[in-house]
Amino acid sequence: MTTNLNARPDHPGFTSETMAVKKDFSARLPVLESFSLGALTVEAQPGRDTLWIVVRRPGQGAIALRTNPWPGPYELKLIEKTNVRALWENKASVGTWTIELSFHDNRVLRLKVTLVPEIDLLLNFWPRDVFVLDNDDNPLLARGRVEAAQRGVNAGICYFCLEEPLFGNVLYAQNLTALNAYYAETRTKPDGVVGGEWPELGYQPPTGPMAKDPPVHPLKTGEEVVVSDAILTFSTGCADSEIDNARKFIEMLAAVYPYLDRPEAEFHDWRGRARQTIRDLDRSPDASIRHYGCKYLHPYVAAEYPDSMVQMSVLSTLREYEAAWGKHGSLGDDLAKGIGRFFDANLQTIRRYLPNVGDEKNADAVDSWYLYHPLMNLARLAKAGDKKAEKLFRDSLGFAVKAARHFKYKWPIQYDITDFSVMTEARKPDGLGQTDVGGIYAYVMLQAWEITGDGIYLDEARAALQTLKNERFELAYQTNLTAWGAVACLKLWVLDKASDYMDQSLVFIASFLHNCELWNSKIGFAAKYANFFGVTCLHDAPYLAAYECFEAFAAFDEYLRVGGEEILPAVKLLLSEYRRYALDFTWYFYPDALPDEVIAKENIRNGHIDRALSFPLEDLYGDGQPAGQVGQEIYGCGGAFIFASRAFHACGEASFDVFADYPIDITPIDQRSAEIRILGPARLRGRLRLLQNGRSALPRIHIVDKDTGKTVSARMRGDDFRDYDVRADDRLVVTWS
């Protein structure tokens, strides 16, 4: 039968590979083995040059997974089979493949493929490994859409839906960590390698230069290498709305997440880092400058003019640290003294720069988010009792609302603050501006309502969030703003639990997770630091940024505490895990935590890098580029204060403090005991560390799991600490003597 290609006016065409797959399946391939995965049938079918693993929803289409991609004859041998696992050996012209198919939790399929080449194998082309099929196993007539695919070297995911026939949603995740050896041997990077064009989807391994520069780095003879480790989960039906789409994405990502290779999150002394940061901010001549008799911070080491976002961000996080640990030095007072100089009495708003900013800066140009971010931190200072900050916040609210209404809650990239004339409309030809500014605006409006009690600000928050509907996976512009938008939605839902704001928060969270690096890169210089679960700072940025990463930590810490047990379990799992890994990978933004050769040495975009200063670099790269090309951030210094305040806790009058990489509650029982409740996701495990707090040596400590009654033993001991591996949702009774 000849397929009428004109039946697909929505499709630009098909590749020769798709046509070959069509021909393969038109032969009605035999079924070698059959398995069940919930309501799905999974069949192993031999094709012309590969063993196909075909996932079928009876009467509703199928997803075909290619195992080995090389053409030519092969010899297939089944090594092992159970109800949940099968193992094949496949001998072909290039070497011996091992194909491992396994099933987990009755909803997850994993297909891992390794190769032992019999020659030094140069790679010039690999086809993608997923094809969608209609009820007649025809890839040309299956209709659907790709909702999200890999961006840069972020998570290797492809989230799509087969609509006709109605197979439903599929989340495909490539476990990129397992492929590090492949990338090292071939000198390639997994940049945008998961995705594709309908109906040819999934993973396409990078093969190095082509055209005039053929590949010259082979896979070595006799050395086994993982070439694919695909993890998939499936959902009945296609998402019928933006919210349903986000919910399914998050739930499906949470389903595959436990099967990704995840490194152990290491412990780091953030309290020591905070103390060192305060000393350097206070003493280094490259950290600050004086104007109007006041101390102002540079945005970068010895570079750029004082900036209200920088000043407010460092000051508010420093105040949180001081409140958490009862410390109060002169630095906070020095930084607070001059914040009023950022206020423009004519416009009645906080500006980005001081009035005496240099002529080389356009003092009237403002990025849309920059108007609101300083207000967010002023509000924090106000709620902590700073009356000067409260007045500045209140006095700026009118202009903040005026700007939002002028742009009808759809902000451009940059505009003139004096007349709202647009200077840069969109980030790319699709016309999208700073799509998630409405999220931080809503958060600020909720702060305004909490401080003033005026319901107009609740109305403003709702209006802003209303305009953000239907952005789907294009919602994220700058990922810390996306995180604050999720918190704003949740806080509105707490006020009105009949509303759909909790659901809308899922759209923010899904967009954020889409930009996370859910793998542990060993490419280039990335082998020297952690990057697992790091989030790239912008929708299209190539790097993790210290500032955006720590702010997202703070936002999601608030989200988890505000939502408690009422948030979706999948959300709790993924946000808790982001929080846990952020305490690890953000340590490596600090140049003293990196080998010197990792750090960029020339063409630094802003200022210079001083490894002796405890200020973070702006940029770390999952693809292994030199770190710090953008500069060494001073505005990222608040990360140390936030981590020291939110992950470390006093334990009553005990001579030790508590670190936990998940959120915890500590409830004193008496003078010698306390209950520690860990507020992480079920089924996972995390770190609890008890640390000597300096007043005396560690006492004798005994910990009992309250649910099981069993003693919890330390997995690691030092002179000044005890380290425990605990359930993420444990309840522990700690006694000391």
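Scope of the values below: all heavy atoms of this structure, side chains included, with no hydrogens, waters or symmetry mates. Since we're looking at a predicted model, the values are computed, not measured.
- Contact between S521 and G622 at its shortest, heavy atoms only, is OG-O, 2.7 Å.
- For the pair R646 and W325, the cation-pi test (distance below 6.0 Å, angle within 45°) is failed.
- Expressed to the nearest 0.5 Å, how far CZ of R247 lies from CG of L506 amounts to 5.5 Å.
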Exercise. Between E251 and R107, does a salt bridge (Lys or Arg N to Asp or Glu O under 4.0 Å) hold up when you go through it step by step?
Worked result: CA-CA 12 Å; E251 290 181 333; R107 62 180 303 193; 6.0 Å; no

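- Remark: R561 CZ is packed, more than 12 non-hydrogen atoms of other residues, nucleotides or ligands lying under 6.0 Å away.
- Ion pairing of E675 with R677 is absent here, as no side-chain N (NZ or NE/NH1/NH2) approaches a carboxylate O to less than 4.0 Å.
- Distance check, rounded to the nearest 0.5 Å: CG of N515 to CD of Q478 gives 11.5 Å.
- Environment of NZ in K388: crowded, with over 12 heavy atoms of neighbouring residues, nucleotides or ligands closer than 6.0 Å.
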For this session: List the steps, then state whether side chain to side chain donor-acceptor pair (under 3.5 Å) holds for Y662 with R580.
Result: CA-CA 6 Å; Y662 291 124; R580 183 162 76 101; 3.2 Å; yes

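- Salt bridge status for K248 with E147: absent, with no side-chain N to carboxylate O gap under 4.0 Å.
- Checked for salt-bridge contact, D500 and K469 meet the test: a charged N lies under 4.0 Å from a carboxylate O.
- Classification of R683 and D105 as a salt-bridged pair holds, one side-chain N sitting under 4.0 Å from a carboxylate O.
- A donor-acceptor pair shorter than 3.5 Å cannot be found between the side chains of Q311 and Y635.
- For Y257, the ring pair (Phe, Tyr, Trp, His ring centres under 6.0 Å) criterion is met by F533, not counting sequence neighbours.
- Separation of the F659 and F267 ring centroids falls under the 6.0 Å cut-off.
- Ring-centre distance between W411 and Y441: below the 6.0 Å cut-off.
- Note that R273 lies in the cation-pi zone of Y590, set by a 6.0 Å cut-off to the ring centre and a 45° limit from the axis.
- Note that CZ of F643 is 14.5 Å distant from OH of Y321, once rounded to the nearest 0.5 Å.
- A cation-pi arrangement is present between R352 and Y370 under the rule of less than 6.0 angstrom and at most 45 degrees off the ring axis.
- Note that the CG atom of D386 and the CG atom of L378 stand 8.5 Å from one another [nearest 0.5 Å].
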For this session: Kindly indicate, with the supporting measurements, whether the criterion salt bridge (Lys or Arg N to Asp or Glu O under 4.0 Å) is fulfilled by R685 and D661.
Result: CA-CA 10 Å; R685 303 187 73 84; D661 50 18; over 6 Å; no

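- Ring pair H373/Y547: centre-to-centre distance below 6.0 Å.
- Rounding to the nearest 0.5 Å gives a distance of 12.5 Å between SG of C637 and CD1 of I642.
- Figure legend: cation-pi geometry between R579 and F556 absent, as NZ or CZ is not positioned both under 6.0 Å from the six-membered ring centre and within 45° of its axis.
- Taking the centre of each ring, Y172 and Y159 stay at or above the 6.0 Å mark.
- Residues E450 and K491 are paired through a salt bridge, judged by an N-O separation under 4.0 Å between the basic side chain and the carboxylate.
- Closest heavy-atom contact between V658 and C651: CG2-CB, 3.9 Å.
- F473 and H539 have their aromatic ring centers separated by at least 6.0 angstrom.
- Between R380 and E320 there is no salt bridge, since no side-chain nitrogen of the basic residue lies less than 4.0 Å from a carboxylate oxygen of the acidic one.
- When each of D723, D725, D584 is paired with R687, the salt bridge (Lys or Arg N to Asp or Glu O under 4.0 Å) condition holds for D723 and for no other.
- Atom OH of Y621 sits about 11.5 Å away from atom CD of E517, to the nearest 0.5 Å.
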